[in-house]
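Below: one structure, written as structure tokens.
Each chain gets a letter, A, B and so on, in the order the sequences are listed, and its residues count up from 1.
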There are 2 protein chains.
Amino acid sequence: MTRTFPSINPEASPATDTSSRPGSIRESSWRDYARDDLPPILSSALACFMEQGYHGTTIRQVAARTGLSVPGLYHHYPSKHALLVALMSHAMSDLWTRSQLAIAEAGTSVPRQFDLLVECLVLFHARRRELAFIAYGEIRSLNGTARSEHIEARDRQQRLMDSIIARGVETGIFTTRFPREASTAVITMCTGVAQWFQPHGSLTPEELAERYREITTMAVGRSGTF
Amino acid sequence: MTRTFPSINPEASPATDTSSRPGSIRESSWRDYARDDLPPILSSALACFMEQGYHGTTIRQVAARTGLSVPGLYHHYPSKHALLVALMSHAMSDLWTRSQLAIAEAGTSVPRQFDLLVECLVLFHARRRELAFIAYGEIRSLNGTARSEHIEARDRQQRLMDSIIARGVETGIFTTRFPREASTAVITMCTGVAQWFQPHGSLTPEELAERYREITTMAVGRSGTF
DNA sequence: CTATACCTACCGAGCGATCGCTCGGTAGAT
DNA sequence: ATCTACCGAGCGATCGCTCGGTAGGTATAG
């Protein structure tokens with residue numbers, strides 16, 4: 001029943017190596033969005049889901065976009081639902097990995113943890129806009145265990161922000177009277193970026209992250225100078 | 001071609017009159033969500049769209065939920081798409097009407113306009129949670145002119161907040177360095193309420209509106225005392 | 001007062017199209 | 001001989017929608 005389906009070669013480009021650049025021995029990898037490692041079929045599925053939603057997309061459209069026949073597609077994924085699950089879990093695990101790296105880089109300073117987590121969230125939802133859009137908009141299209149696992153991953157992400165803000169309020173660094181709602185508001189702001197950000201707009205993801213860092217900082221009421 | 005389709009009687013309940021209560025001659029109507037005037041068919045469609053999305057919902061499900069046959073439903077609405085259009089335009093015009101009433105009540109004070117608009121937005125997205133959820137999540141399911149009209153209505157809502165924050169920054173009442181992004185952030189926060197608010201949770205819509213008023217006030221950097 | 005006409009508000013049955021998915025293959029590499 | 005990586009054809013189910021009705025109310029003519 002539980003067959004393993006191989007995935008199409010995730011483009012093993014041997015030429016460009018962005019991990020080591022002259023001048024910097026080790027960049028923070030959670031800021032790096034140079035390579036998009038989505039296999040071709042998932043990339044096609046993502047494009048279709050963006051345009052028409054999960055239920056509005058047919059398996060034939062995904063196959064045609066990839067240059068495959070319908071049985072050719074089913075050789076790689078057992079069902080239409082599996083395409084959505086693969087996209088969703090990829091999105092949530094990628095965001096979780098980046099978030100943990102960002103917080104690790106921040107060390108023990110709570111305001112710095114807050115700053116880097118906001119930066120991480122904004123960068124992800126701007127750079128992986130389509131993936132994040134689907135991950136937050138198609139939850140109700142998930143069935144069974146995949147749905148509860150996705151919601152658990154989302155709640156875990158929320159608790160990360162909750163705990164940072166709660167610690168900031170305890171130590172008097174953040175002055176907001178409503179830590180829980182402020183956390184929800186900050187998370188909503190950052191994930192909402194995926195719903196309006198335009199890659200060719202006037203702001204780069206990095207510029208937006210800096211502005212959102214300042215706005216969210218004011219929202220939680222950080223004491224001291226800016 | 002353009003037949004007019006009548007709507008099912010929007011419940012003419014003659015008994016309860018909530019508009020005039022003892023002690024207050026005229027309440028602000030934009031805060032009143034006592035009566036939900038959605039016709040039965042649209043109410044069924046909304047429930048189905050919430051559970052499975054527009055494309056995931058069949059016309060037979062909507063009909064069965066209303067207690068009608070399929071042709072019976074088509075007597076009232078010419079197509080499945082028309083159900084979505086009716087829900088969308090109802091949501092946007094209701095929100096627009098309430099927003100204008102809120103700002104009118106605020107008078108010429110910019111901070112008060114900001115406060116009441118935030119309160120109006122939070123109340124709407126908490127009290128009309130399902131309607132707002134569909135209105136922001138099913139835009140891509142809209143076709144033709146309905147889509148562009150909906151987007152125009154959404155942009156008009158955004159400009160309302162933009163102009164208030166811009167005036168606040170000009171007069172020095174708001175100190176944010178990024179009025180445009182702060183406006184987007186505030187709108188995203190408030191509309192995002194529809195994605196997580198639970199009617200039977202620990203906060204009433206009114207309590208949440210008050211907390212969000214304070215959080216958004218800090219986000220735009222209002223000068224002076226709180 | 002009745003007869004006919006016309007209206008709204010529905011429904012049983014079903015049409016053509018399309019859906020997710022599968023069967024039974026083929027081509028090439030190992 | 002066996003594996004991966006596909007494909008042409010098509011199956012049963014379901015989709016949005018429609019055809020040709022019926023039941024009951026109201027309006028007008030005789």
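For the side-chain contact (heavy atoms from CB on, under 4.5 Å) test, residues two or more places apart in sequence or in another chain that qualify with B/Glu181 are A/Leu203, A/Leu208, A/Arg211, A/Tyr212, A/Ile215, B/Phe178. With sequence neighbours left out, B/Gln195 forms a side-chain hydrogen bond (donor to acceptor under 3.5 Å, both in side chains) with no residue at all. Residues forming a side-chain contact (heavy atoms from CB on, under 4.5 Å) with A/Arg147 (at least two apart in sequence, or on another chain): A/Arg140, A/Leu142, A/Ile151.
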Just distance, no hydrogens or angles: give the donor-acceptor pairs under 3.5 Å from side chains in residues 43-56 of chain B, sequence neighbours left out.
residue : atom : partner : partner atom : Å
B/Ser44 : OG   : B/Pro40 : O            : 3.1
B/Ser44 : OG   : B/Thr66 : OG1          : 3.0
B/Glu51 : OE2  : B/Arg65 : NH2          : 3.0
B/Tyr54 : OH   : B/His81 : N            : 3.2

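Close to C/dC10, at under 4.0 Å from its OP1 or OP2, lies no side-chain N or O of B/His75.
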Completion exercise
Expected string for nucleotides 11-22 of chain C under the B/S/- scheme (protein heavy atoms, under 4.0 Å, primed atoms plus P, OP1, OP2 as sugar-phosphate) is BB-B----BBBB
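Pairs passing the side chain to side chain donor-acceptor pair (under 3.5 Å) check and including a residue from residues 116-132 of chain B, sequence neighbours excluded, read B/Arg31-B/Glu119, B/Arg127-B/Glu206.
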